[in-house]
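Taking it in order: structure first as structure tokens, then the write-up.
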Amino acid sequence: MVYSKQIVNRLNRVDGQLHGVLRMIESTRECSDVVTQLSAIKSALDRTIGLIVSENLEQCVRESMADGQGSDEHVKQAVQLLMKSR
């Protein structure tokens with residue numbers, strides 16, 4: 001699968017956020033501040049997972065349709081990936 005620039009940008013942003021949290025911990029910031037940032041990271045990762053699965057599903061369905069095949073199996077796989085990420 002080819003990953004979009006949007007996905008790469010999101011993951012780079014998450015990487016920066018995570019490094020920021022490490023700096024917060026090293027500078028002994030308040031627990032609530034750290035947890036707030038970790039929650040934001042978790043949310044960003046969840047949205048990125050959804051984007052990856054949806055882009056993959058779209059790509060697979062288009063390929064299946066072009067080959068004259070059904071897309072049911074691809075939809076099932078996408079649902080399983082989303083369930084696994086929860």
Side-chain angles (χ1 to χ4, degrees):
M1 176 174 165
V2 176
Y3 296 96
S4 69
K5 182 72 172 165
Q6 182 182 16
I7 289 170
V8 172
N9 288 343
R10 284 176 180 244
L11 291 174
N12 282 328
R13 207 170 313 125
V14 167
D15 183 49
Q17 287 177 303
L18 188 54
H19 281 86
V21 168
L22 288 170
R23 285 190 301 274
M24 290 172 72
I25 289 172
E26 289 168 354
S27 66
T28 64
R29 292 279 300 268
E30 291 294 322
C31 174
S32 61
D33 295 337
V34 172
V35 170
T36 297
Q37 289 304 310
L38 288 172
S39 294
I41 291 168
K42 182 179 175 186
S43 177
L45 284 173
D46 286 343
R47 288 190 309 271
T48 303
I49 289 169
L51 182 60
I52 289 171
V53 171
S54 68
E55 285 185 4
N56 181 59
L57 176 60
E58 181 182 347
Q59 181 179 340
C60 289
V61 167
R62 285 183 188 193
E63 290 172 5
S64 293
M65 291 176 71
D67 294 340
Q69 301 173 354
S71 60
D72 291 346
E73 187 60 32
H74 296 297
V75 172
K76 287 179 189 176
Q77 289 174 353
V79 170
Q80 287 174 348
L81 285 172
L82 287 174
M83 295 302 292
K84 183 187 277 190
S85 72
R86 299 289 173 226

Nearest-0.5 Å distance, CD1 of residue Ile49 to CZ of residue Arg10: 11.5 Å
Heavy atoms only: give me the nearest Val34-Met24 pair and the separation to one decimal. N-CE, 3.7 Å
Flag side-chain contact, heavy atom, 4.5 Å: Leu38 against Lys42: no
Would you name the heavy atoms of Ala40 and Gln17 that are closest together and state the gap between them? CB-NE2, 4.2 Å
Check for me, please, whether Leu45 and Val8 land in the same ILVMFWY cluster - side-chain distances under 4.5 Å, paths through other members count. no
Given side chains that start at C-beta, do those of Leu11 and Asp15 come closer than 4.5 Å, heavy atoms only? no
Rounded distance [0.5 Å steps], OG1 in Thr48 versus CD in Gln6: 8.5 Å
If you round to the nearest 0.5 Å, how far is SG of Cys31 from CD1 of Ile25? 9.5 Å
Is Val35 reachable from Leu22 through a run of hydrophobic residues whose side-chain heavy atoms are each under 4.5 Å from the next? no
For the residue pair Ser4 and Ile7, establish whether any side-chain heavy-atom pair is separated by less than 4.5 Å. yes
Do Arg29 and Gln37 have side chains that approach each other closer than 4.5 Å (heavy atoms only, starting at C-beta)? no
